[in-house]
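Reviewing the structure listed below.
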Amino acid sequence: MPSVLNADPGRLFDEVARLDAAGVDAIQWDVMDGHFVPNLTFGPEFIKACRDATEVPYEAHLMIEEPERWIDQYVDAGCETVIVHPEVSVHLHRTLQEIRRLGAKAGVALNPHTPLEAIRHVLGSIDHLLVMTVNPGFGGQAYIATMEPKIAEARALIDGSGFDIELEVDGGIGPSTIAGAVGAGADVLIAGSALFRDPEGLEHAVSDLRARAVAAQAPKA
Ligand code: DX5
């Protein structure tokens, strides 16, 4: 799943169509408010304007304070999944219920320092669990490999819960880091700079990362 944060901001519609042609499974929109994270990005109108560029699912990763005030607008913009941060969700359980009531899939994203304990009691209310492997705010940062034990803990938590939850990893994913994240138990890999900066182009980047991920998957017992 590519992060659009690293795309050419002057050609978002075309960039989304290019990602689709490169064979991605879904597209993540990193929404930032300049408060929760030190960057400002996509209002719902940007996403809505690019909805017709592809049919692949859209995921809104809300790195914003008071996300509950905005979730309906991101669903309206065409996001099938809305992910919020428990660090800024005072009433997280209620917010997750509201995302599902709006007909979207609900998810939580954890900053590197945030323990899994923060979401243990809302596992039944989520479809996606995202473990950040960078401190959120920018693309092109270094992968925090010390998050791999946390990814493995999340894998065990999900497998032990009986719920159907996708385990996503986001930040610094590329040819040299993807195997570690998949080996620790990730299902979905978010990648930005590794896709848009590949000298052999987007299609090569997507197929190369997918091949490395498949090769790194632990054989099912
Ligand atoms: C960072 C974002 C990530 C980022 C990924 O706050 O949540 O999705 O854009 O970009 P790379 O893969 O370059 O780290």
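Note that ligands are numbered from 1 as they come in the structure, with each ligand's atoms numbered from 1 the same way.
Some N or O of G172 is nearer than 3.5 Å to an N or O of ligand 1, by distance alone. Here's the thing with G192: one of its N/O atoms is less than 3.5 angstrom from an N/O atom of ligand 1. Ligand 1 has a nitrogen or oxygen under 3.5 angstrom from a nitrogen or oxygen of S193. Residue D30 has at least one N or O atom closer than 3.5 Å to an N or O atom of ligand 1.
The backbone N or O of L167 sits less than 3.5 Å from a side-chain atom of D187, completing a donor-acceptor pair. Without hydrogens or angle criteria, K105 side chain to E59 main chain gives no donor-acceptor distance under 3.5 Å.
With hydrogens left out, the protein atom closest to atom 5 (C) of ligand 1 is D170 OD1, 3.7 Å, a heavy atom.
Residue V37 does not touch ligand 1, judged by heavy-atom distances below 4.0 Å.
Each of V188, I151, L129, L130 was scored for a side chain to side chain contact (heavy atoms under 4.5 Å, CB included) with V169, with one residue passing: I151. The ring pair (Phe, Tyr, Trp, His ring centres under 6.0 Å) test with F42 is passed by exactly one of W70, W29, Y74: W29.
Between R212 and D208 a salt bridge is recorded (basic side-chain N to carboxylate O distance below 4.0 Å).
Side-chain atoms of T133 and T177, non-hydrogen and from C-beta on, never get closer than 4.5 Å to each other.
Within the structure, ligand 1 has G171 among the residues with a heavy atom less than 4.0 angstrom away.
Of the candidates G140, S3, P136, it is G140 that places a heavy atom closest to atom 11 (P) of ligand 1.
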